[in-house]
Amino acid sequence: MKGYNVLYPMGFHLTGIPIIAQANKIKENDPDILEDFKSFGIPQEEIAKMGDPLYMGNYFAKSARESMRRAGYSIDWTRSLTSIEPSFSKMVEWQFGILNRKGYLVQGKHPVGWCPKDQGAVGMHDTKGDVEPEIEKETAIKFKVEGTDYSILCATFRPETIEGVTNLFVGDFTYVTCRSGDEAYCMSAEGFEMLRHQISLEKTGEISGRELQGRKCINPANGKAVPIYPGYFVKQDVGTGAVMSVPAHAPFDYVALERLRKSGYNVDVVPVSVLQIPGKEIAGAPALAYLRAVNADENSSDELIEQATKLEYKEESHMGKMTIKGYEGMNEPAARDKAINELKSSNAAIEIYLLINEKPVYCRCKTRVVVKLVDNQWFINYGDEKWKGQVREHLKEMRIFPEKSRSAFESAVEWLNLRAVARAQGLGTRFPLDNRFIIESLSDSTIYMAFYTIRNLIANVDPSKLKTEFFDYVYLGIGDPNGVSKATGIDYETVKKCRESFSYWYKDTSRHSALELVFNHLTMHLFNHVAVFPRENWPKQVVVNGMILIEGEKMSKSLGNIILLSDAIKRYGVDSERFVAVASTDLFNDSDFSEAAVNGIKERFEYLNGVCESLDAMGTSELSQIDFWLYSKLNAKTDTVGRAMDILDLRTVSTELLYNTVIELRRYSARGGSNAMVMRDYITNVVLMLQPIAPHLSEELWHKLGNTSFSSTESWPSPDLSMVNAKVELQEGLIDSVISDAKQVAQLMSKKQGKKPKSITIITPSPWKADLMNSLAEHRDLGKAIEAVAKENRAEASKIAAGLARKLNEVKRAELSGDEEFSSLSSAQEYLSGILGCDVIVEKEPESKSQRASRAMPLKPSIDLSY
RNA sequence: GCAGGGGUGGCAGAGCUUGGCCAAAUGCGACGGGCUUAGGACCCGUUCCCUUAGCGGGUGCGAGAGUUCAAAUCUCUCCCCCUGCACCA
């Protein structure tokens, strides 16, 4: 409608593991998935074939495509692609060749969830119950046990409290001693099993927890010997099965010591505090204070102690200041970094990775998942400073909608660092540098949009011919079509057309995607474009949007509120469905799909339809004030919608086009407006502007208006701003405010005295009052303003002015003259009397005999009810 | 915890960039009235409190403090919610 050629393609991302996991579930006749698929309306015989992941992928792609077609998306399906087709893989391989040449592919260590039995990485889809293994880095501090050659490893999240360690806790279970290079460690048997996938460990012996209890070990921070005690809460499979005890700052530690004492154990330690909260200094052990704060003591349940722990950790981390030497005044996070560095550099601690899921994570094969530090993982190095810098710069030039999400992109650019790129399993493209791996599924889809520009042209080209030379030429302009044709065996015409198509389309691109993809896909797509393409083909615009909610809730299986696009269309109609998706939100937020909202929209569609059908029965006469008012509204609306469209502020577009339109049209006809020409002009623009959101409705109404073309091929309407008439709107506004005032008074009287007015007299102010106000507004000078008033009115003028003296600065100009007020109101006399339900008389103050006449002020005529 | 975004009336949701015209658009809901055999739809009105011939006053936009003649809007602190946090699409 704005005269541009637009390419709107759509593809299907089938890469990854979930689709394989789903297919496997089908093969295993998993009742849940069979039930789900059935509820999606998939025929039984189709479900049966979905043990094949490819079949499943294609089935859903086909059905999605059909829904989108029905929803009226003007997608060019000839260019549709899937991310696992061989020709697409050729492009991805080419892309990774470039990343490699630029040095952006690096190899290194990486922690992953790992199944020791399968000898493979496990993600969410490989675990029992589909839980994501949550891996966290912790500091494991070495406490050398006196009289031995080994150190007990204690994993902790708060190494900065090490000066407060008074003892260690171990459990009544089996510990193993082991060697790692020159080091000798001691940890629980389960801890050993976990850790040996991260560091090389060689078992040298076993020792029971009881044997350790009673011994002493050395706190590496200060060289002091601290005792080892039994800890009732220590678990063999959490961390290393040994805990450093900081009774001053850890309620569990405090409680454990108290319980030992009570049971007669000789506990010979005093809590040592290492930080205080300014203004809330607590003597002795803060942990005790926090226990008391939640009404807990040493006999309380673990849950209650856990509460105290959370409270203490939170407050201390937030407000605490370190008090120990070398750390004075530091806040906890900073102290933590410093402590970790010092402990590591003095070889007193190592960093380990632990699964922090609340419950143990199991692989589908029932083996407990551990963390493995794989050392040959390939990464894309988004941390490369030069690369980051280029993206940073380019981002500044991009259009981001909504603009407020730019900050999310800015931090995403800074935050992205190494991204593991190779996976052992799943659908996708083989990793060119190591064929055993598949390219991870977000990394293979960063430049796929470029493929749309040529997908239709190479539909019949043998994928093996899609060599580097081809993509170099088409995407980068390297070489010439002749040479490329010879090198690849692709015919000259195709090569040439591909390059032309890419050059034509890939200059002003807009990418729409979901908000939650900003921190991965969307920003990665920026990085990869910058790495691969010449500057002119870098992304120009990104639009992010929220999700669709159903009656305020997220769509989810458990809520049973999933509505398929195809069903929504059937149930509510295409355009209502389209409209509700954009009407209830701006891009950034989730939009709510509620029955009430859809019905409201449908009703208004009906109203517009009715207006279009009624036009033929109406006549055309000379334009009156209300006609100018509607023209004013129309052109303001056209302007507003046009601007909102430019920044994709679809909420404004939809409220303006539907809700406000209906309000305005209703007021127009209530006010006596009945000019067919005016209404036709008005509705014509509205119908055209509705085209992008409600195309079917737009076309239908367009034809009802007597047109034979398509509204979608018409030009987008442009506003005539000279028709936007502030004065007329003010005049109409005056009428509205008189109505509301008169109603209010009438109502008060009817409530109080039960009588209804016989007639209402509206008295417009004497012209000099407007002059008075204008002078006050302009000069803010009482005397000057009063002097300007004719002598006979001065007494009254000074009364008015005196009343305004205190708010002199707030006095506003009277934008309408007394005569204008009178003519507006008297022309609306019939309307007023209809709405107010009695006779209405409009008169000017000087001619009025009413006692209330003198109350008339500019834009606030006096209203006199007679009974 | 870190990063980003939020917290507005019974609900949803504008307004916040550029402080005043904001007791706060619009929609929904609720209540009262009209229309109707009745329901739906539709139309009118009310919907923070007090007060009232349309005035005026109070409270008020997560909590607290500050800047200002003036704050939903600017600054600071805190609380809460949503999203993401990497091999997972």
Side-chain angles (χ1 to χ4, degrees), chain A residues 13-19 110-113 121-125 132-136 157 313-314 317-319 332-333 336 374 377-380 382 402-412 414-424 426 437-443 445 514-521 524 546-547 549 551-552 554 583-586 588-590 592 594-597 599-601 603-604 606-607 651-652 655-656 658-660 663 666 670 737-749 752-753 757 809-810 812 835 837 852 855 860-865:
Chain A
H13 192 220
L14 305 183
T15 316
I17 303 158
I19 192 169
H110 192 68
V112 292
V122 278
M124 186 172 88
H125 303 282
E132 179 80 44
E134 290 177 61
I135 299 169
E136 196 117 342
F157 284 114
Y313 282 16
K314 190 178 183 181
S317 160
H318 206 260
M319 299 179 275
E332 216 182 351
R336 184 168 306 154
V374 296
Q377 174 61 278
W378 282 96
F379 298 91
I380 302 179
Y382 294 117
E403 177 61 30
K404 66 179 161 182
S405 57
R406 182 181 295 278
S407 53
F409 278 95
E410 285 167 351
S411 42
E414 301 309 320
W415 174 78
L416 273 181
N417 191 7
L418 293 174
R419 184 176 181 93
V421 71
R423 291 242 34 181
F437 295 110
I438 306 278
I439 292 173
E440 175 274 323
S441 47
L442 283 188
S443 299
S445 55
L515 181 57
E516 49 261 63
L517 296 187
V518 170
F519 279 84
N520 47 54
H521 166 75
M524 285 160 68
M547 298 292 197
L549 303 178
E551 305 289 349
K554 272 197 167 182
S584 62
T585 185
D586 62 25
F588 208 53
N589 290 308
D590 293 341
D592 193 10
S594 74
E595 194 113 358
N599 290 336
I601 287 165
E603 280 160 23
R604 288 173 177 80
E606 289 296 337
Y607 183 86
R651 174 195 281 279
T652 300
T655 48
E656 196 53 57
L658 200 59
Y659 295 93
N660 291 352
I663 289 170
R666 281 186 177 149
S737 77
V738 164
I739 289 170
S740 102
D741 284 353
K743 273 186 175 171
Q744 195 172 337
V745 176
Q747 202 166 350
L748 276 168
M749 292 308 280
K752 270 186 159 176
Q753 304 176 16
N809 282 325
E810 291 168 30
K812 295 213 169 67
I835 285 201
R852 306 186 64 84
R855 293 177 63 118
K860 198 82 184 169
S862 175
I863 298 166
D864 193 359
L865 281 62

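By convention in this document, chain letters (A, B, ...) are assigned in the order of the sequence lines, proteins followed by strands, and residues within each chain are numbered from 1.
Protein atom CD of A:Glu516 is 9 Å distant from nucleotide atom P of B:C85, rounded to whole Å. With rounding to whole Å, A:His521 atom NE2 is found 19 Å from B:A86 atom P. Rounded to an integer number of Å, the gap from A:Glu656 CD to B:G13 P is 20 Å. One atom, CG of A:Asn417, and another, C1' of B:A86, lie 10 Å apart when rounded to the nearest Å.
Shown here are the ring-ring contact (aromatic ring centres under 6.0 Å, His included) partners of A:Phe379, two or more places apart in sequence or in another chain: A:His110. Among residues two or more places apart in sequence or in another chain, the side chain to side chain donor-acceptor pair (under 3.5 Å) test is passed with A:Arg406 by A:Glu403. The side chain to side chain donor-acceptor pair (under 3.5 Å) search around A:His521 returns A:Arg511, not counting sequence neighbours. The side chain to side chain donor-acceptor pair (under 3.5 Å) test applied to A:Asn660 returns A:Glu656, not counting sequence neighbours. Taking the side chain to side chain donor-acceptor pair (under 3.5 Å) definition, one finds that A:Glu410 meets it with nothing, sequence neighbours left out.
B:C81 sits 27 Å from B:A30 when the C1' atoms are compared, rounded to a whole Å. For the C1' atoms, the distance from B:G6 to B:A23 is 23 Å, rounded to whole Å. Taking atom P in both B:A72 and B:C21, one finds a spacing of 9 Å when rounded to whole Å. Rounded to whole Å, the P atom of B:C74 lies 5 Å from the corresponding atom of B:U17. Nucleotides B:C16 and B:U73 are separated by 12 Å at their P atoms, to the nearest Å. Nucleotides B:G32 and B:G15 have their C1' atoms positioned 31 Å apart, rounded to a whole Å. Rounded to a whole angstrom, the distance from the C1' atom of B:A71 to that of B:G20 is 9 Å. To the nearest whole angstrom, the two P atoms, one in B:A25 and one in B:G9, are 13 Å apart.
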Would you tabulate the pairs of protein nitrogen or oxygen atoms and nucleotide nitrogen or oxygen atoms of nucleotides 40-47 of chain B closer than 3.5 angstrom?
unit_1	atom_1	unit_2	atom_2	d
B:C42	OP1	A:Glu603	OE1	3.0
B:C43	OP1	A:Arg666	NE	3.3
B:C43	OP1	A:Arg666	NH1	3.2
B:C43	OP1	A:Arg666	NH2	3.1
B:C44	O3'	A:Lys743	NZ	3.3
B:G45	OP1	A:Lys743	NZ	2.9
B:G45	O2'	A:Gln747	NE2	3.4

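Close to B:C55, at under 4.0 Å from its OP1 or OP2, lies a side-chain N or O of A:Lys860. For A:Thr655, no side-chain nitrogen or oxygen approaches OP1 or OP2 of B:G27 to under 4.0 Å.
Nearest to the side-chain atoms of A:Ser407 among the listed nucleotides B:G5, B:A89, B:A86 stands B:G5. For A:Phe519, the side-chain atoms get nearest to B:A3 when compared with the rest of B:A3, B:C85, B:A89. Looking at the side chain of A:Arg651, the nearest of the listed nucleotides B:G13, B:C85, B:G4 is B:G13.
Toward the 5′ end of RNA chain B lies the nearest nucleotide of A:Leu865, the other residue of the pair A:Pro111 and A:Leu865 mapping further downstream.
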